[in-house]
Protein chains: 2
Amino acid sequence: MRLTTKGRYAVTAMLDLALYGEQGPISLADVSSRQDISLSYLEQLFAKLRRKDLVQSVRGPGGGYRLTKPLEEIYVAEIIDAVDERVDATGCAGNADCHGGTTCLTHHLWADLSDKIHHFLSDISLASLVQSNNVQSISARQRQAELEASFAGDKISLRALES
Amino acid sequence: MRLTTKGRYAVTAMLDLALYGEQGPISLADVSSRQDISLSYLEQLFAKLRRKDLVQSVRGPGGGYRLTKPLEEIYVAEIIDAVDERVDATGCAGNADCHGGTTCLTHHLWADLSDKIHHFLSDISLASLVQSNNVQSISARQRQAELEASFAGDKISLRALES
DNA sequence: ATTAAAACCTAGTAATCTACTAGGATATAT
DNA sequence: ATATATCCTAGTAGATTACTAGGTTTTAAT
């Protein structure tokens with residue numbers, strides 16, 4: 001089964017859009033610096049997310065990405081599926097040909113597990129993540145850190161504080 | 001998260017012991033030919049299973065491995081843990097330092113998922129697998145195939161049929 | 001005692017995949 | 001015109017997996 005940074009990054013980045021994207025499109029450069037994900041890697045992930053119609057792009061200065069649907073209608077499972085991370089615990093992609101063309105002894109166990117995982121991730125929307133205490137507090141801390149970083153930086157930081 | 005053939009092979013092999021090991025120890029050569037898993041790879045997996053006290057070995061001719069506990073007390077989660085380290089969907093091994101030392105936005109999501117998976121696999125014993133219809137029917141088919149293979153083989157097959 | 005069957009051990013390795021870099025082309029607000 | 005952004009393709013270091021190779025030790029059977 002696969003669940004690596006690819007899928008985790010995709011969900012984290014989509015959650016970033018959910019948290020910061022209310023006013024307008026968010027550039028991947030912003031997501032990259034906030035969530036500590038390589039910009040070029042994000043570009044590749046968002047190409048897939050766009051192909052699956054989970055985000056829309058706006059090109060040119062001031063552009064970026066926005067979510068195509070309301071937070072309530074975007075589920076974690078979709079995001080992971082979109083970036084090609086098959087959440088599948090079987091060794092045969094569910095084809096039941098794991099033992100030289102026939103079904104291996106444990107096939108159904110892994111198929112059941114895959115179902116459980118998919119159900120779990122299909123029940124969680126971006127909206128429910130945004131509302132959760134965990135995400136709220138981490139997001140608050142990230143905003144705080146960003147503020148302090150810009151404060152320690154140059155004059156532009158003062159304007160950031162005022163707005 | 002990790003769930004590859006390593007963990008799947010381990011569970012399949014342990015299930016093979018559960019199905020065939022009532023009379024005495026089972027050699028890895030037998031498991032290898034029945035379940036189509038490389039012998040040397042099995043040896044490496046069973047070294048770990050033995051270290052975790054899930055199996056006992058008997059050396060010398062007629063030797064092999066037997067389960068250390070009754071089927072009811074061996075859970076799939078233990079087996080995977082023994083060879084795979086951990087079924088963990090977080091990127092930080094549960095340390096919550098996934099975002100440059102701090103907790104990333106989605107950490108709790110993956111931690112929750114890991115819990116769910118672990119619970120699922122902790123509830124399934126070798127005994128319950130052996131009793132399941134799926135395993136029963138696949139096991140019956142494997143015994144049948146083995147019988148036919150030995151029948152098509154040499155004289156020894158006749159003795160196998162009689163016993 | 002010899003032989004053979006088994007566990008036990010260690011090192012190496014081809015193939016695969018991940019996460020990423022590099023270096024652009026294209027679109028568009030200012 | 002310029003800068004900012006998406007968009008696109010190719011390549012690649014490093015890690016991991018699944019396995020092979022080549023032994024040694026133990027022990028039942030002859």
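A note on names: the letters A, B, ... follow the listed sequences, proteins ahead of strands, and every chain is numbered from 1. The figures here come from the full heavy-atom set of this structure, side chains too, leaving out hydrogens, waters and symmetry mates.
- In this model, the phosphate group of D:dA18 is approached by a side-chain N or O of B:Y41 to a distance below 4.0 Å at OP1 or OP2.
- Partner of B:I79 under the side-chain contact (heavy atoms from CB on, under 4.5 Å) criterion, out of B:T12, B:L126, B:L15, B:V55: B:L126 alone.
- A:S27 comes within contact range of the sugar-phosphate backbone alone, with a heavy-atom separation under 4.0 Å but no base atom that close.
- Among residue pairs with one or both ends in residues 88-111 of chain A, none qualify as ring-ring contact (aromatic ring centres under 6.0 Å, His included); sequence neighbours excluded.
- B:R8 places its CZ atom 12 Å from the P atom of D:dT17, with the value rounded to the nearest Å.
- Checked against C:dC20, D:dC19, C:dA19, the side chain of B:Q44 finds its nearest nucleotide in D:dC19.
- The shortest heavy-atom contact between A:A13 and A:L42 is CB-CD2, 3.9 Å.
- Across all non-hydrogen atoms, the minimal contact from A:L71 to A:S125 is O-CB, 3.7 Å.
- By the criterion of side-chain heavy atoms lying less than 4.5 angstrom apart, applied directly or through intervening Ile, Leu, Val, Met, Phe, Trp or Tyr residues, B:L45 is not grouped with B:Y75; the two fall into different hydrophobic clusters.
- Checked for salt-bridge contact, B:E43 and B:K48 miss the test: no charged N lies under 4.0 Å from a carboxylate O.
- Nucleic acid contact class of A:F46 (heavy atoms, under 4.0 Å, all strands): none.
- Scanning residues 51-67 of chain A for heavy-atom distances under 4.0 Å to DNA chain C yields A:R59, A:G60, A:P61.
- What separates CD1 of B:I26 from C1' of C:dA7 is a distance of 15 Å, to the nearest Å.
- Comparing C:dA7, C:dC20, C:dG23 by their nearest atom to the side chain of B:E43 picks out C:dA7.
- Of the candidates C:dT18, D:dT20, D:dT9, C:dT18 carries the atom nearest the A:T4 side chain, counting heavy atoms from C-beta on.
- Atom CG in B:L39 sits roughly 14 Å away from atom C1' in D:dG23 (whole-Å rounding).
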